[in-house]
Amino acid sequence: MFTAMNLSAIDLNLLLMLHVVLEERSVTRAARRLHVTPPAISNALARLRAQLDDPLLVRSGRGLVATPRALELAPRLARAVGDLTLVVQGGESDPAESARELTLALADPDQIATLPRIVPTFAERLPRARLRVVSIDTLISTGGLAGGEIDAAIGPAEAANGLHTAPLYEEAGVLVARCGHPILRGKMTSERFRALRHVDVHLALGRGGVGHRVAEDALSRGGLARDIVVTVPTFTAAAMVVAQSDLVAGIPRRIAEALAPRLELVIMPIPIPAMRFEMQLLWHDRTHHDAVAARFRAAVIDAARPKKKRRGA
């Protein structure tokens, strides 16, 4: 991040202050967190601006917006501050007592169907820690799991290139339509599927992600093509559009089952062999040996995996 020569000329406290301001996006909140005055934070930022030759943070309305240089520095500073904290404190002897913030990236199906089970397990295993949940957009825009900001993510096995993984559950793709849709009056065939008009979902920065490509390949092999009318960034938005129109959408079964009763949707099979995705917990090697991160992952895995039914239950 800095050369040895100019690092020696920088007060490392200034970098700590920048790290906290980048997290809080507020001089007042950063000052409160660091137990200093807001003018002290402002003076530190002024000195860093001069030394790094960049505005770092600029005002936008009542808040602060980071410059591209500051956004580039943010995950590196977070990682460095975390490492220095462990050096000073001698590590965390009991991971269960950690007060760290742990970040999990989830698409909206897991935000709706899995997160409600993760939260109580997390609170039990890490009672002093904080759980932060972010979207897939945030995961990608902050440099992925290697970026230093996000500890783990749930995603399809196809996204696991070079990452550590643990299997969670199998997901299936289904088709949803509103109650009363004309397509419900007969058997779903390939011809009827091709005549439908569809809502598509692009989760990854406005583009189709790994799961989208797998689904498109499966449809193509089955001789199916979709007439896309509208593209949205979440499966929840797709379901909402379908509920108010004659459009249909292919979405994961877990979110379809959660939303169908509320939105009066009907779940239908897609007329090709079952479209299934192996969903996994993913994490980077940088957190693989960290005891707190390992306890966090164990909590997510235990909460997200289907519970085995007892015999006779």
Side-chain angles (χ1 to χ4, degrees), residues 1 19 22-23 66 68 70-86 91-92 95 98 100-115 117-119 121-122 125-126 129-171 201-214 233-235 252 277-305:
M1 183 161 60
H19 162 67
L22 286 171
E23 286 199 334
L71 290 175
E72 178 186 358
L73 290 174
R76 300 178 184 178
L77 284 173
R79 186 163 57 246
V81 169
D83 289 344
L84 287 172
T85 299
L86 290 179
E92 293 166 296
S98 173
R100 196 189 305 179
E101 179 178 80
L102 294 148
T103 303
L104 178 64
L106 302 175
D108 62 315
D110 279 303
Q111 292 173 24
I112 290 174
T114 312
L115 183 58
R117 299 204 306 272
I118 292 173
V119 169
T121 306
F122 177 90
R125 306 282 182 86
L126 291 152
R130 292 173 295 159
L131 175 62
R132 173 175 173 247
V133 177
V134 300
S135 67
I136 301 303
D137 276 357
T138 301
L139 173 66
I140 296 170
S141 65
T142 55
L145 292 170
E149 184 171 329
I150 298 171
D151 298 286
I154 292 180
E158 290 79 6
N161 185 28
L163 297 171
H164 296 278
T165 66
L168 296 179
Y169 62 86
E170 185 180 75
E171 184 63 278
V201 180
H202 285 178
L203 290 175
L205 297 179
R207 296 288 182 268
V210 173
H212 186 276
R213 292 193 293 273
V214 172
T234 66
F235 293 107
F277 302 87
E278 296 295 330
M279 302 298 290
Q280 300 186 339
L281 185 67
L282 314 171
W283 66 95
H284 192 267
D285 193 57
R286 68 179 182 82
T287 62
H288 185 61
H289 299 288
D290 180 84
V292 176
R295 189 175 182 86
F296 168 54
R297 292 192 299 268
V300 173
I301 291 167
D302 288 348
R305 282 178 176 166

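The figures that follow rest on heavy atoms only: side chains count, while hydrogens, waters and symmetry mates do not.
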Minimum heavy-atom distance between [X] and [Y], given as atom pair plus value:
| X | Y | result |
| --- | --- | --- |
| R286 | I150 | NH2-O, 2.7 Å |
| L22 | A66 | CD2-CB, 3.9 Å |
| H202 | G206 | ND1-O, 3.4 Å |
| T142 | E149 | CG2-OE1, 3.4 Å |

(request) Look at the side chain of R117 and the backbone N and O of R305, then say whether any donor-acceptor pair between them is shorter than 3.5 Å. (result) no

Could you grab the distance from atom [atom1] of [X] to atom [atom2] of [Y], nearest 0.5 Å is fine?
| X | Y | atom1 | atom2 | result |
| --- | --- | --- | --- | --- |
| L282 | D151 | CG | CG | 13.0 Å |
| L203 | H212 | CG | NE2 | 9.0 Å |
| L139 | I154 | CG | CD1 | 12.0 Å |
| R207 | R213 | CZ | CZ | 12.5 Å |
| D137 | L205 | CG | CG | 4.5 Å |
| T234 | Q111 | OG1 | CD | 8.5 Å |

Could you list the residues that satisfy side chain to side chain contact (heavy atoms under 4.5 Å, CB included) with [X], not counting sequence neighbours?
| X | value |
| --- | --- |
| E171 | Y169, P252, R253, R254, F277, M279 |
| R130 | E101 |
| A294 | R297 |

(message) For a 4.5 angstrom cut-off between non-hydrogen side-chain atoms, does V133 reach L115?
(response) yes

(request) Find out whether P95 and R125 are in side-chain contact, i.e. whether some heavy atom of one side chain is under 4.5 Å from a heavy atom of the other. (result) no

(request) Start with the C-alpha distance between L106 and T114, add both sets of side-chain angles, then the distance that settles side-chain contact (heavy atoms from CB on, under 4.5 Å), and finish with yes or no. (result) CA-CA 9 Å; L106 302 175; T114 312; 5.8 Å; no

(request) Test V292 against F296 for side-chain contact (heavy atoms from CB on, under 4.5 Å), laying out the working first. (result) CA-CA 6 Å; V292 176; F296 168 54; 5.5 Å; no

(request) Would you sort out whether L281 and L104 count as a side-chain contact (heavy atoms from CB on, under 4.5 Å), showing the intermediate values? (result) CA-CA 10 Å; L281 185 67; L104 178 64; 4.1 Å; yes

(message) Can you list everything that forms a side-chain hydrogen bond (donor to acceptor under 3.5 Å, both in side chains) with S135? Sequence neighbours excluded, please.
(response) T138

(request) Return the set of residues passing side-chain hydrogen bond (donor to acceptor under 3.5 Å, both in side chains) with D285 (not counting sequence neighbours), or none when no residue passes. (result) H164

(message) Between the side chains of D290 and R100, is the shortest nitrogen-to-carboxylate-oxygen separation below 4.0 Å, so that they form an ion pair?
(response) yes

(request) Using ring-ring contact (aromatic ring centres under 6.0 Å, His included) as the criterion, list what pairs up with F235, not counting sequence neighbours. (result) none

